Amino acid sequence: QVQLVESGGGLVQAGGSLRLSCAASGRTFSSDAMGWFRQAPGKEREFVAAINTSGRITYYTDSVKGRFTISRDNAKNTVYLQMNSLKPEDTAVYYCNTVEVHPGSRVVGTGSWGQGTQVTVSS
């Protein structure tokens, strides 16, 4: 079982940048595809970005393409989300999780959800 702790969130001005980190414990981390999700107040949790086990394949939801970059360092058991050109609509609690791709290219979290890290973008 992989345990995940998100960090790096905070308050930032529109157009600014943040880098989120997801620290994982467990010896199977390098065997798991990973992803980032977010949940805004009053909204359902939505997929943001995913990365395969080696880090060579990535996938993003349309609204963040060209602005966000997901990466991983398997030696450090850590997944990152570099967020540039942030917009107020990016305000949410961000979560990481192990992921699977279901029919229709739907990326879903497969593990337990942690507390996430709050990202607030002011206009």
Side-chain angles (χ1 to χ4, degrees):
Q1 189 174 34
V2 178
Q3 295 178 325
L4 305 169
V5 179
E6 301 93 342
S7 64
L11 175 64
V12 65
Q13 300 285 330
S17 298
L18 285 173
R19 188 177 76 157
L20 307 184
S21 297
C22 173
S25 63
R27 289 176 286 183
T28 61
F29 173 78
S30 62
S31 298
D32 295 322
M34 300 294 297
W36 286 94
F37 301 78
R38 66 187 181 187
Q39 186 169 24
K43 304 292 185 180
E44 296 294 320
R45 184 162 46 224
E46 67 170 341
F47 165 74
V48 176
I51 190 166
N52 76 332
T53 56
S54 70
R56 295 187 177 185
I57 302 174
T58 58
Y59 181 70
Y60 303 89
T61 192
D62 287 343
S63 64
V64 308
K65 288 179 180 177
R67 299 189 299 120
F68 291 10
T69 303
I70 187 172
S71 62
R72 68 190 297 162
D73 186 337
N74 287 342
K76 296 181 178 179
N77 285 358
T78 302
V79 180
Y80 305 96
L81 185 67
Q82 178 66 47
M83 305 185 295
N84 299 326
S85 301
L86 283 162
K87 304 174 180 179
E89 65 188 67
D90 297 317
T91 295
V93 177
Y94 283 70
Y95 304 87
C96 64
N97 208 336
T98 52
V99 299
E100 291 180 347
V101 181
H102 288 184
S105 298
R106 184 167 61 92
V107 181
V108 299
T110 58
S112 299
W113 298 100
Q115 294 188 10
T117 185
Q118 175 72 50
V119 172
T120 303
V121 184
S122 62
S123 60

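Count residues from 1 along the sequence. Not measured: the values here are computed from a predicted model.
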| task | Apply ring-ring contact (aromatic ring centres under 6.0 Å, His included) to the pair F37 and W113, showing each step before the final yes or no. | result | CA-CA 10 Å; F37 301 78; W113 298 100; 5.1 Å; yes
| message | The test is side chain to side chain contact (heavy atoms under 4.5 Å, CB included); show your working for C96 and V79 and say whether it passes. | response | CA-CA 8 Å; C96 64; V79 180; 5.7 Å; no
| query | Yes or no on side chain to side chain contact (heavy atoms under 4.5 Å, CB included) for E6 and L20, after CA distance, side-chain angles and deciding distance? | reply | CA-CA 7 Å; E6 301 93 342; L20 307 184; over 6 Å; no
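Note: D73 CG to S30 OG = 11.5 Å, rounded to the nearest 0.5 Å. Note that the OG atom of S63 and the CG atom of D90 stand 7.0 Å from one another [nearest 0.5 Å]. Atom CD of Q118 and atom CZ of R38 lie 12.0 Å apart (nearest 0.5 Å). In this structure, the separation between CZ on R72 and OG1 on T78 is 10.0 Å, given to the nearest 0.5 Å. To the nearest 0.5 angstrom, L81 atom CG is 7.5 Å from Y94 atom OH. To the nearest 0.5 angstrom, S123 atom OG is 8.5 Å from Q13 atom CD.
A single hydrophobic cluster is not seen to contain both F47 and I70; linkage of ILVMFWY side chains at heavy-atom distances under 4.5 Å, directly or through other members, places them apart. When hydrophobic clusters are built by joining Ile, Leu, Val, Met, Phe, Trp and Tyr residues whose side-chain heavy atoms come closer than 4.5 Å, directly or via intermediates, Y80 is not grouped with V64.
At least one cation-pi condition fails for R67 and Y60: the charged atom is not both under 6.0 angstrom from the six-membered ring centre and inside a 45 degree cone around its axis.
Looking at T98 and T110, their side chains do bring a donor and an acceptor atom within 3.5 Å of each other.
Scanning all heavy atoms of the two residues, the minimum distance from G114 to Y95 falls at O-CE2, 3.3 Å. Here the closest heavy-atom approach between residue Y59 and residue V107 is recorded as CD2-CG2, 4.1 Å. Summarising the geometry of V99 relative to A50, their closest heavy-atom pair is CG2-CB, 4.3 Å, with the distance given to 0.1 Å. Closest of all the heavy-atom pairs between A33 and T53 is N-CG2, 3.7 Å. Residues V93 and Q115 share a closest heavy-atom pair of CG1-O, 3.7 Å.
In this structure, the side chain of D32 does not engage the main chain of M34 through any donor-acceptor pair within 3.5 Å. One N or O on the side chain of N52 and one on the backbone of G55 form a donor-acceptor pair closer than 3.5 Å.
Note on K65 versus D62: salt bridge recorded, some NZ/NE/NH1/NH2 to OD/OE distance being below 4.0 Å.
For the pair F68 and T61, the minimum side-chain heavy-atom distance is 4.5 Å or more.
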